[in-house]
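Worksheet for the structure shown next.
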Amino acid sequence: INAEYMGSAAGADLDICLVRDSSVAAVLHEVDFVLVGASEVVESGGIVYSVGTYQIALIAKCLGKPLHVAVESFRFGRQYPLAQTDLDQPKDMQQDDDSDTLEKVHVQFDYTPPQYITFLFTDLGILTPSAVSDELIKLYHEPLLTL
């Protein structure tokens, strides 16, 4: 989230708090809901986003806090991951001088399953995760017009 977004959201008379991923468990009991973005919404209604989103969703579910996603419909995709390992992670371009005996894991995205998501706020309206597949059918399988 950037400073420009925080400024415009604060102008909407909302109490907003930016929390670092590592502090979520310590402060989540004080919030009403969690709002995240998404790089992609998959067919199941789950999301792919920056690493850490899944753990935030787990904590929110455990504490009974709704997790909402703000995302544009052009980010609806036609993949169906079942686990974190189903994501294609970008290759890490950084050279490490660490010992070659350690395995290096540089995960950049994670998958949040639909059962952790309450609503998706989109340009198509407010959707439940289960409604995403219906919207994908509408987007990709529009009937041909007959003349």
Side-chain angles (χ1 to χ4, degrees), residues 1-10 12 14-142:
I1 226 166
N2 60 34
E4 181 182 330
Y5 175 77
M6 289 292 290
S8 65
L14 297 171
D15 290 332
I16 296 174
C17 180
L18 180 62
V19 179
R20 295 192 183 278
D21 292 353
S22 58
S23 303
V24 168
V27 299
L28 199 59
H29 66 280
E30 297 178 22
V31 305
D32 297 321
F33 64 90
V34 177
L35 180 66
V36 298
S39 297
E40 183 177 8
V41 179
V42 299
E43 288 187 52
S44 66
I47 62 167
V48 176
Y49 200 45
S50 303
V51 69
T53 306
Y54 180 47
Q55 65 191 14
I56 291 170
L58 289 170
I59 296 167
K61 186 74 161 188
C62 182
L63 294 175
K65 304 293 180 173
L67 182 123
H68 303 304
V69 181
V71 64
E72 303 92 344
S73 62
F74 75 85
R75 295 186 183 272
F76 286 22
R78 297 176 69 183
Q79 68 170 314
Y80 200 98
L82 298 175
Q84 302 297 330
T85 54
D86 293 339
L87 298 179
D88 290 330
Q89 295 288 340
K91 299 292 183 214
D92 190 24
M93 303 301 286
Q94 180 180 354
Q95 294 296 323
D96 243 330
D97 290 334
D98 292 342
S99 170
D100 288 334
T101 60
L102 296 176
E103 182 180 351
K104 298 169 189 72
V105 178
H106 298 285
V107 177
Q108 295 180 20
F109 298 99
D110 61 23
Y111 167 63
T112 303
Q115 65 264 30
Y116 299 105
I117 298 168
T118 308
F119 292 116
L120 295 101
F121 296 98
T122 75
D123 52 302
L124 302 174
I126 300 171
L127 305 174
T128 62
S130 60
V132 169
S133 59
D134 294 336
E135 292 301 324
L136 278 166
I137 290 170
K138 289 178 193 174
L139 286 171
Y140 291 108
H141 299 290
E142 285 294 320

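Not one N or O on the side chain of K65 forms a donor-acceptor pair closer than 3.5 Å with the backbone of V34.
The minimum heavy-atom distance linking K61 with Q115 is given by the pair NZ-O, 3.0 Å. For the residue pair S73 and L124, the shortest heavy atom distance occurs at CB-CD1, 3.6 Å. The minimum heavy-atom distance between V69 and A38, with the atom names listed, is CG1-CB, 3.8 Å. Nearest approach of S39 to Y49, heavy atoms of both residues: N-CD1, 3.3 Å. S50 approaches D110 most closely through the heavy-atom pair O-OD1, 3.5 Å.
Residues I59 and I56 fail the side-chain proximity criterion, which asks for heavy atoms closer than 4.5 Å.
The distance from the CZ atom of F76 to the CG atom of L120 is 6.0 Å, given to the nearest 0.5 Å. Taking NE2 from H29 and CG from L63, the interatomic distance works out to 8.5 Å, rounded to the nearest 0.5 Å. The line from NE2 of H68 to CD1 of I126 is 9.0 Å long, rounded to the nearest 0.5 Å. Atom OG1 in T128 sits 8.5 Å away from atom CG in D134 (nearest 0.5 Å).
Each of T112, I117, T53 was scored for a side-chain contact (heavy atoms from CB on, under 4.5 Å) with V36, with one residue passing: T53.
Atom CZ of F33 has 12 or fewer neighbouring heavy atoms from other residues, nucleotides or ligands inside a 6.0 Å radius.
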Side-chain donor-acceptor pairs of residues 40-47 under 3.5 Å, sequence neighbours excluded:
{"from": "E40", "atom 1": "OE1", "to": "Q79", "atom 2": "NE2", "distance (Å)": "2.6"}
{"from": "S44", "atom 1": "OG", "to": "G46", "atom 2": "N", "distance (Å)": "3.3"}
{"from": "S44", "atom 1": "OG", "to": "Y111", "atom 2": "OH", "distance (Å)": "3.2"}

